[in-house]
Amino acid sequence: MLVIGVALIVVLILGGQTPAASTTTARAAAQAAYAPPPLATYDERSPHVASALNVYATQGAVRGAASAPSSTLPPVSPGAFAAPVAAYLAYSGRVLGVMEGQISSLKTALASGDRAQSQRTWLAAYASYLRLGGVYLEGQLATLNQAIDGTPGGLAGGVTSPRFSGLHRIEYGLWTGQPPTALEPWATRLGADVRRLRAMMPKVQISPLDYATRAHEILEDAVRDLLSGTDVPWSGAGVVGTNAGLVATTEIVNTLAPVLNVREGVLATVRSDLSGLRTTLESIARAHGGQLPTDAGLSQMQSEELDASTGQALEGLAQVPGALETTAAATPQIPQSAVKLDP
């Protein structure tokens, strides 16, 4: 009977849970359901273009709270964005003017059949377009942007689609062995589209919310679309594009300086982080004879340094939208059914 008793105890231990264990498990499950999301996750892979840095705001365990902490600063008047947006639109017009000249040089290089010169001139024009950075594209502007900077992804026929045009159509031809002279008509079409965009820019409307968030999104786009090679699979110009994105980001931050300067030191932090990324890119260029390399041309150490500097810049820029809220945050209300007063 002793043996049978021991067996029964073993069965109870292995086959079920004691009431105390069951209670502990239920409590743990309840806590997990209300656990706040992680502040950040980082997935390191090699090379750096496959790395992923995701930053989240903590919500806490209050139902009904906003997904990101609200700024404690008073809201910014929407009118405070008028001058920054106007300055940005003027800057965009100048950049597109430079790009028009570069496309003219590209047509000349293509007509001569000089592939190396055509590639260099294409890189210059592509970098200029990415220096726009803050253009928010809807309606006709979105269609025009697709013609200028669209990729073959999602198009029926891919690279053979007649809708695949612009900068990346020329990139595809130059880096896959097509005769440069055959690409000249695409450059002519690109030049016409850029002139149309330049004419439309003075009338572009950019909301305060869009403008406040764009400073952060430019470099996010660079990491996702450029350093990954997604948008530049033939030229590998992701580092060049990231540098152009840094120029655009710096310009937008500079236009916002009068507003950010009084927002809890955000401007100083952002400028310091952008300076760090700029120093890294300059160091990489010096190591490659004064020119930024392709994505594949980065050494492992340079990849890691660029990863770190870009991540730091994104962390600083993430403060900008919250510092430029134009409406006061609403405080989540506690349901009356949850309110209990002590007797």
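Side chains are part of it too, since the values below use all heavy atoms of this structure and drop only hydrogens, waters and symmetry mates. Index from 1, following the sequence.
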K.L.:
Has S283 got a side-chain atom pairing as donor or acceptor with T279's backbone, closer than 3.5 angstrom?
P.N.:
no
K.L.:
Assert yes or no for the condition that the ring centre distance of W122 to W234 is strictly below 6.0 Å.
P.N.:
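No - the distance between ring centres of W122 and W234 does not fall below the 6.0 Å cut-off.
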K.L.:
So do the side chains of L324 and P208 get within less than 4.5 Å of each other, counting heavy atoms only?
P.N.:
no
K.L.:
For residues 181-195, which residue pairs qualify under salt bridge (charged side-chain N to carboxylate O under 4.0 Å, His left out), counting only residues two or more places apart or in two chains?
P.N.:
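Of all non-adjacent pairs touching residues 181-195, those that pass salt bridge (charged side-chain N to carboxylate O under 4.0 Å, His left out) are D193-R196.
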K.L.:
Does the side chain of Q302 come under 3.5 Å of the side chain of H288 through a donor N or O and an acceptor N or O?
P.N.:
yes
K.L.:
Between atom NE2 of H168 and atom CD1 of I148, what is the distance when rounded to the nearest 0.5 Å?
P.N.:
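With rounding to 0.5 Å, NE2 (H168) is 11.0 Å from CD1 (I148).
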K.L.:
Surrounding CZ of R224 (heavy atoms of other residues, nucleotides or ligands, distance under 6.0 Å), is the total greater than 12?
P.N.:
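Above 12, so yes.
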K.L.:
Scan for salt bridge (charged side-chain N to carboxylate O under 4.0 Å, His left out) pairs involving residues 144-153, sequence neighbours excluded, and state none if there are none.
P.N.:
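Residue pairs with at least one partner in residues 144-153: there are none.
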K.L.:
Can you see whether N145 engages Y129 through a side-chain donor-acceptor pair at a distance of less than 3.5 angstrom?
P.N.:
yes
K.L.:
Check whether the side chains of Y211 and S207 place a donor and an acceptor atom closer than 3.5 Å, and report yes or no.
P.N.:
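S207 and Y211 do not have a side-chain donor-acceptor pair below 3.5 Å.
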K.L.:
For Q140, is the CD atom crowded, meaning more than 12 foreign heavy atoms sit under 6.0 Å from it?
P.N.:
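No, the 6.0 Å shell around CD holds no more than 12 heavy atoms from other groups.
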K.L.:
Start with the C-alpha gap between V253 and L317, add the side-chain angles, then the distance that decides, and say whether side-chain contact (heavy atoms from CB on, under 4.5 Å) holds.
P.N.:
CA-CA 9 Å; V253 169; L317 289 165; 4.1 Å; yes
